[in-house]
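Note sheet for the following structure.
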Amino acid sequence: MLGLGILKGLSVTLQHFVETYLSDLKRFPHRYAPQGRAKRLHPTERGIFTLQYPEERLEMFPRFRGALMQLTNPETGIPKCTGCGICARSCPVGVIEVVRASEKKGGKFVPESYTWNLASCLFCGLCVESCPFGALYHTPEYELSTYGRQKGELIYDLDRLLAWGQKYAPDGVPPVEKEK
């Protein structure tokens, strides 16, 4: 019985190996996916399993928990965050620090400083779920590595979070909400 299981496993591996090269022939003149974005296969589809990583990247799912981004109001350009600190209190590790500005901007409070420590973050999403203003959301960013933990390389400030918000949700609506 042991030998039969090994043979079945080897046959499945060989079958996937051959299908990978056969599906690669469909894209023969082009080595990489167009614009460097590879299309995800449906679970029932078979074919190429290897991604040519630096040149090709998979699109992340809309509910992927990547880096945090701060959303802004598109009409006023003011961040939706009011600096209430609910996200910081809901974080089980305490990686978010919020300081509210003393005076209002555009008739509402805004954060004076907002820092997020990526080195200790669990990416649990409790901060996003607890935000009552819809100001905090996850990006599809997954390449967040650095060469070291020194000099605060993994501590992100409000400006960087707002820049990601402008990049991934310029109209102030997260990508998941657009699908609904």
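Values reported hereafter were calculated over all heavy atoms of this structure, with side chains retained and with hydrogens, waters and symmetry mates removed.
The CH2 atom of W116 sits 12.0 Å away from the SG atom of C87 when rounded to the nearest 0.5 Å. We find the CZ-CZ distance between F64 and F123 to be 8.0 Å, quoted to the nearest 0.5 Å. One finds the OH atom of Y114 at 6.0 Å from the SG atom of C81 (value rounded to the nearest 0.5 Å).
The side chain to side chain contact (heavy atoms under 4.5 Å, CB included) test applied to V93 returns C91, V95, S120, L122, not counting sequence neighbours. Taking F17 as the reference, Y21 meet the ring pair (Phe, Tyr, Trp, His ring centres under 6.0 Å) condition, with sequence neighbours excluded. Taking the side-chain hydrogen bond (donor to acceptor under 3.5 Å, both in side chains) definition, one finds that T82 meets it with nothing, sequence neighbours left out. Partners of E97 by side-chain hydrogen bond (donor to acceptor under 3.5 Å, both in side chains), not counting sequence neighbours: none found. When the side chain to side chain contact (heavy atoms under 4.5 Å, CB included) test is applied to I86, the partners found at least two apart in sequence or on another chain are C84, R89, S130, P132.
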Distance-only donor-acceptor pairs under 3.5 Å for side chains of residues 156-166, two or more places apart:
{"from": "D157", "atom 1": "OD1", "to": "R160", "atom 2": "N", "distance (Å)": "3.3"}
{"from": "Q166", "atom 1": "NE2", "to": "T72", "atom 2": "OG1", "distance (Å)": "2.7"}

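Looking only at distances, a side-chain donor or acceptor of H138 sits under 3.5 Å from a matching main-chain atom of G66.
Put simply, the side chain of H16 does not reach to within 4.5 Å of the side chain of V18, judged on heavy atoms.
The two residues P174 and G172 come nearest to each other via the heavy atoms CD-O, 3.9 Å. Residues P92 and L126 come closest through the heavy atom pair CD-CD1, 4.0 Å. Shown here for C124 and R65, the closest heavy-atom pair between the two residues is O-NH1, 3.0 Å.
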Margin query: Checking I96 against L68 for the side chain to side chain contact (heavy atoms under 4.5 Å, CB included) test, could you report, in this order, the C-alpha distance in whole Å, the side-chain angles of both residues, the deciding distance, and whether it holds?
Written below: CA-CA 11 Å; I96 298 174; L68 293 179; 4.3 Å; yes
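When L144, I155, T146 are each tested for a side chain to side chain contact (heavy atoms under 4.5 Å, CB included) with L118, only one passes: L144.
Other residues sharing the hydrophobic cluster of I78, ordered by chain and number and joined by side-chain separations under 4.5 Å: V110.
Within the structure, salt bridge (charged side-chain N to carboxylate O under 4.0 Å, His left out) pairs that include any residue of residues 118-144 comprise R57-E143, E141-K167 (at least two apart or interchain). Residues in residues 100-109 take part in no salt bridge (charged side-chain N to carboxylate O under 4.0 Å, His left out) pair, two or more places apart or across chains.
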